[in-house]
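Worksheet: the structure to be examined is printed underneath.
First the proteins, then the strands, lettered A, B, ... as listed; each starts at 1. Since we're looking at a predicted model, the values are computed, not measured.
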Protein chains: 2
Amino acid sequence: MRADAQRNYARLLAVAEAEIAVNGADASLEQIARIAGVGSGTVRRHFPTRHALLAAVFRDRVETLCAHARDRLGRPDTRGALLEWLGAVTTSAATIRGLAMALNRDRTADAEHEHCATTQLTEAGEPLVRQAADDLAPGVTVTDLLALITGIALATETHPDPAAEANRLLDLAITGLSPIRRL
Amino acid sequence: MRADAQRNYARLLAVAEAEIAVNGADASLEQIARIAGVGSGTVRRHFPTRHALLAAVFRDRVETLCAHARDRLGRPDTRGALLEWLGAVTTSAATIRGLAMALNRDRTADAEHEHCATTQLTEAGEPLVRQAADDLAPGVTVTDLLALITGIALATETHPDPAAEANRLLDLAITGLSPIRRL
DNA sequence: TAGGATACGGAGACCCCCGCCGTTTAGCAA
DNA sequence: TTGCTAAACGGCGGGGGTCTCCGTATCCTA
């Protein structure tokens, strides 16, 4: 990769992150190019699709979440480990503007890129779920949980305190609608 | 309202419904105008904002859901009544293209129009929840449940069978993550 | 039927996405 | 250092979309 290309890539990524934080997942690519001081063609060369840009912008975040999941593998409190991770994912999805929509969209994408965020999270979370399977309702999959979280994050996007609200709803879904019963 | 205005209003509503069913909540207004054979100005006159158009298109559906809720008031099986209604709302939100997004957006709208769909549903569902309160986890509100449903519907929009998937996730959230326990 | 109120239509300004291609420039090799 | 070539750049042009505005056509009433 040529030096100037690297520079532009980095600049674009930084600008895009800022712009997406402000305007959400459908921030204007043109605008990003303008702010970064490059032509619109350059944006499209580095990131052929909007999805590619989102993936790049959120890559670190997603990586962190995946690492978070791996760290919790092998713990004695398997259910607690899973719940902690779900909480972390929820907080990120609800807090980081555009992430939820990005996750939702790559569920949409027909031609799944192997390393799209959802796939990564699914792979990272699957062992956690398997490990906690005895303490979960039968038939629950990581995919289900991620879908639920994505949905919750989308629905709370405009709430004054998205993270709190999203986690509240997640708790509701985890606990279930019924009053708590003692075993 | 002048006769021609009424005609155009009706045509636009019909075309919009079809177009939204195909292209979702951000169908092109221009396109709708074209199909309906009117100028784009006419669309904007009848429906100043996209939100207004969505509200009009989904009005009947929402009305039906509200009626559905009212019908279930006073039943002995209060919990069952609530769950049935939640299922109905979920099915509609997941099936009718654009509805979920519309619901989500008017949660967003700062200046809540009194009769936006979410408000209506909230008012209609509130008595059902109150009525079933003894069988619910404390602190659960209609607003929470509608947010959850909206989110689920958004997240399952692209699934091959949205209604089934959405209801599955709703069941998951109602049951909770834990294995079923006997009292 | 004549006139005013009402609704219509589309032009204009602005923005965005996307593909393309002539031009510049980085980096290697002589 | 100086060429040279391939890679990267920038921005133009076409196609859409949204939103505003105003001259014009249409309805309805008196």
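The separation between B:R45 atom CZ and D:dC21 atom C1' is 11 Å, rounded to whole Å. Spacing between atom CZ of B:R34 and atom C1' of C:dG10 amounts to 13 Å, rounded to whole angstrom units. Note: NE2 (B:H46) to C1' (C:dC8) measures 9 Å, nearest angstrom. Summarising the geometry, the separation between CG on A:L53 and P on C:dC18 is reported as 12 Å, rounded to the nearest angstrom. Computed from coordinates, the B:M1 CE to D:dC28 P distance equals 11 Å when rounded to whole Å. Between the CZ atom of A:R44 and the P atom of D:dC12 there is a distance of 17 Å, rounded to whole Å. Nucleotide D:dT24 holds its P atom 19 Å from the CG atom of B:D4, rounded to whole Å. Note: CZ (A:R7) to P (C:dT25) measures 11 Å, nearest angstrom.
In this structure, the side chain of A:T150 engages the main chain of A:L146 through a donor-acceptor pair within 3.5 Å.
One finds no salt bridge joining B:R168 and B:D161 here, because no Lys/Arg side-chain nitrogen approaches an Asp/Glu carboxylate oxygen to under 4.0 Å.
Checking the phosphate oxygens (OP1, OP2) of D:dA8, no side-chain nitrogen or oxygen of A:T42 falls inside 4.0 Å. Within the structure, every side-chain polar atom (N or O) of A:R11 is placed at least 4.0 Å from both OP1 and OP2 of D:dC9.
The side chain of A:R50 sits closest to C:dC17 out of D:dA8, D:dC28, C:dC17. The listed nucleotides are D:dG10, C:dG9, D:dC9; the one nearest the side chain of B:V38 is C:dG9. Minimum atom distance to the side chain of A:S40 is reached by C:dC18, of the listed D:dC27, C:dC18, C:dA7.
Of the two residues contacting DNA chain C, namely A:P48 and B:G37, the nearest-nucleotide position lying further toward the 5' end is that of B:G37.
Taking every heavy atom of residues 19-31 of chain A and every atom of DNA chain D, no pair lies under 4.0 Å.
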Check residues 129-138 of chain B and write down every donor-acceptor pair under 3.5 Å in which the side-chain atom is one partner and the other belongs to a residue at least two apart or another chain.
from, atom 1, to, atom 2, distance (Å)
B:R130, NE, B:E126, OE1, 3.3
B:R130, NE, B:E126, OE2, 3.1
B:R130, NH2, B:E126, OE1, 2.7
B:Q131, OE1, B:G74, N, 2.7

